[in-house]
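Note sheet for the following structure.
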Amino acid sequence: MAELTLLEAVNKALAYEMAADQDVILLGEDIGVNGGVFRATDGLQDRFGEDRVVDTPLAESLIAGMTIGLAAQGLKPVAEIQFMGFIYPTIDQILNHAARLRTRTRGRISCPMVLRAPFGGGIHAPEHHSESTEAMFAHIPGLRVVIPSSPARAYGLLLAAIRDPDPVIFLEPKRVYRMLKQDIDDSGEALPLDVCFTVRQGTDITLVSWGAMIHETLQAADQLEAEGIDCEVIDVATIKPLDVETILESVQRTGRCVIIHEAARTAGFGAEIAANLAEFGLMNLFAPVGRVTGFDTVMPLHLLEKFYMPSTENICATVRQTMEYS
Amino acid sequence: MTKVAVASFDIEFYQYLNPRGEILGDLPEFAKRAADLIPLYRDMIVTRIFDSKAVTLQRTGQMGTYASSAGQEASVVGLSRAMHKEDMLFPTYREHGAYLARGVTMTELFVYWGGNEEGMNFANACGDFPVCIPIATQVPHAVGAAYAFKLRGQPRVAVPVCGDGATSKGDFYEGINAAGVWNLPCVFAVINNQWAISQPRSRQSACQTMAQKAIAAGIPGEQVDGNDVIAVYDRFVKALNRARSGGGPTLIESITYRMSDHTTADDAGRYRNEQELIQQKALDPIDRLNTYLIEQSVWSEQQNQQLIEEVTAEVDAAANDYLNTPRRAPHTIFDCLYETLPKAYQSQAGRLTALGDV
Ligand SMILES: Cc1ncc(C[n+]2csc(CCOP(=O)(O)OP(=O)(O)O)c2C)c(N)n1
Ligand SMILES: [Mg+2]
């Protein structure tokens, strides 16, 4: 057991799987000698060599496209995109190829790749370094989109993503990179993909979130407990495919739901969850489904970013409103 | 079988002022009187002092992440001063000196890097594009602007600036290629500072020069000593004039060096050998012009000191203006989203308006 940050957990999971499986290969910008701009791959090039920890030229479309070629050869590439703000050139390769190679070849060629990228705001980064556009990827059929919220979840979910036979977009909430440490047993044990994790049991209301916002959501749940509101908190973790059952089952018990995400509101992934509740859970609801989200603005530069980000107070206020319906 | 060479090319390297401050060959007209170079020298000093102040502000928690241009002053000042006011600059995040010479104020740049978009709302250099962080994405913008200049018969030139790393991107290749096809008034500046964060120039491309990438696009490409402000200015003036008079695009690779960390968030010690930095210091663009001006008796150590003090005071005053710039009210994040905020978002904006000027 070791106390690890989310960043160290990513590093440990990569190292574990590289040691266990010769086919795992890393590629990306500045991931080798520099160990990644956040140090997620620190020490891995020394340990596994330049052929398996590959510094690429500055070209994201190349990284994604090449990853598909590597994966089709039976390797298990894990590519890093330095920030989510630079992931967009990969969408051509991801949407038109990675996500549908299996379909297009009727199963002859598959694409067991992982594309990792740090995302989200709150670290006072420069422009284009703070957005959360996970919903864009969740809209692409054939992909998995996985978002860990804690060190333990990062370790287990990343191992699962690498072992998964299909393409996975693995988005790391960089605000959590060094936020907390957890005891992690570096045993190579993966966590399941495609399921939500209930991180707090409660009976009055279901709060659904993922990534960094889980932390504000849990804080809100603690505050609300003092007011006599007992919150259940669900960490979606794999947003695509969505484990609707866990959310429906919880809302069946609580009758209320608030969804929290940092991404802009319109067509954010919260809308998909709300739509599922409207379709399959309406009869169990005592109150309208609430959403606490980022604004429909361009992500502001750091002086105003805290006003963009949903806060614990915003979450508490929406929960209180939702509790008022009887 | 017949075999004939169907294409061949040479890439030229231009330099007037060597690292020891000595002149090589005949100087171009603008540089014949050494005293006429003092304004360029001043611009380089301004750039260096501005950079060092910005780094200090960041280190003391008074500004955000910052990318210093130390070592690249001749490259950015030379190209910027060669441009006409009505030309358009499309920079990256490291051409502070180019912006300043174009009339962007120091305060505006501090405000932007301090985390406030208002800094990109230039009062003077109105046509110029804002800082561009997604690498090479500004190159096609410049191609579009150049197309518009040509379409309207305007004698203007678009100048996209990018790094050595940026030349690996599709956007870069797509941009130079299209400019060649349409013979556009566009001068592509590649500032080769030898590094793209931790990746040395040699790991970016197997090609011998970045300039020869122009050849594949069917446009002229050349190298210039990017630490020689005379050469940079001269080669850009020539390329800009050619472009302005219908002669089409050029790519100029400025050979220089990033003397700083990539940004204040980076530690070059992890990947760069200290020895290399020491060697590069001998090629410093400011020192060599200072040596030349003094040797020509148009400048003195005392004048140099005086200039440094004067510019430092100017930079400090701008930093104070920045530090005293009132924060924008939270609701202003909706102000420039659209020309008119759609009804759908008015209630969201209203929630921030209710907060007032926090
Ligand atoms: C598309 C994209 N990918 C990655 C990054 C992260 N990044 C910022 S600067 C940089 C290196 C750029 O090198 P170069 O083009 O040589 O310019 P320099 O920083 O040396 O001036 C990288 C990889 C980015 N900003 N945009
Ligand atoms: Mg560079």
Side-chain angles (χ1 to χ4, degrees), chain A residues 28-39 41-43 45 50 54-63 65 82-89 92-93 123-131 264-266 292-309 314 317, chain B residues 64-67 93 111-120 130-137 163-172 196-200 203-205 262-263 265-268 270-272 327-337 342 344-345 348-349 351-352 355 358:
Chain A
E29 293 161 11
D30 306 288
I31 67 163
V33 59
N34 198 32
V37 294
F38 287 101
R39 314 290 177 244
T41 52
D42 197 16
Q45 191 176 64
E50 288 183 21
V54 186
D55 274 321
T56 66
L58 205 173
E60 287 76 11
S61 178
L62 167 91
I63 293 170
Q82 205 162 80
F83 286 89
M84 191 186 219
F86 314 131
I87 209 169
Y88 308 111
D92 187 12
Q93 294 292 349
I123 64 157
H124 280 205
E127 210 170 353
H128 308 285
H129 287 69
S130 301
E131 287 73 6
R265 186 175 187 82
T266 298
V292 182
T293 69
F295 289 109
D296 281 314
T297 64
V298 173
M299 182 81 191
L301 290 186
H302 64 80
L303 278 187
L304 293 181
E305 88 179 322
K306 76 163 187 255
F307 297 103
Y308 170 92
M309 309 267 288
N314 296 152
Chain B
T65 304
Y66 182 77
Y93 41 81
V111 164
Y112 173 75
W113 292 107
N116 180 350
E117 293 82 352
E118 201 56 44
M120 287 291 114
V131 158
C132 181
I133 290 177
I135 299 291
T137 51
D164 42 303
T167 68
S168 298
K169 290 275 300 179
D171 305 61
F172 170 80
I197 310 188
S198 70
Q199 294 303 292
R203 304 294 294 174
Q204 210 54 246
S205 175
H262 169 66
T263 65
D266 174 55
D267 171 13
R270 288 177 67 89
Y271 52 79
R272 189 163 77 175
R327 289 204 169 207
R328 277 166 40 212
H331 70 84
T332 61
I333 69 174
F334 281 94
D335 282 1
C336 298
L337 195 59
Y345 305 127
Q348 288 187 31
R351 277 167 44 208
L352 285 178
L355 294 178
V358 198

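Within every chain, numbering begins at 1; the chains are lettered A, B, ... in the order of the sequence lines, protein sequences first and strands thereafter.
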Which residues pass the salt bridge (charged side-chain N to carboxylate O under 4.0 Å, His left out) test with A/E60, sequence neighbours left out?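 Listed in chain order: B/K169.
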Contact winner vs chain B - [options], heavy-atom pairs under 4.5 Å:
options: A/P300, A/P57, A/A59; value: A/P57
options: A/V298, A/T297, A/T266; value: A/T297
options: A/R39, A/H129, A/E305; value: A/R39
options: A/F295, A/F307, A/Y88; value: A/F295

Which atoms of [X] come close to chain A, meaning under 4.5 Å heavy atom to heavy atom: side chain ones, backbone ones, both, or neither?
X: B/A329; value: backbone
X: B/R270; value: both
X: B/A166; value: backbone
X: B/Y345; value: side chain
X: B/R328; value: both

Okay, A/S61 and chain B: the region with an atom under 4.5 Å from a heavy atom over there is neither
Would you tell me whether B/Q204 and B/D164 have side-chain atoms, one donor and one acceptor, within less than 3.5 Å of each other?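 Looking only at side-chain atoms, B/D164 and B/Q204 do not form any donor-acceptor pair under 3.5 Å.
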B/D171 and B/T137: side-chain donor and acceptor closer than 3.5 Å?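 Side chains of B/D171 and B/T137: no pair found under 3.5 Å.
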Would A/D296 and B/Q348 count as a side chain to side chain contact (heavy atoms under 4.5 Å, CB included) if you check the C-alpha gap in whole Å, the side-chain angles of each, and the deciding distance to 0.1 Å? CA-CA 8 Å; A/D296 281 314; B/Q348 288 187 31; 2.7 Å; yes
Atom NE2 in A/H128, atom OH in B/Y93: separation rounded to 0.5 Å?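 A/H128 NE2 to B/Y93 OH: 12.0 Å, rounded to 0.5 Å.
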Return the set of residues passing ring-ring contact (aromatic ring centres under 6.0 Å, His included) with B/Y112 (not counting sequence neighbours), or none when no residue passes.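 Not a single residue meets the ring-ring contact (aromatic ring centres under 6.0 Å, His included) criterion with B/Y112.
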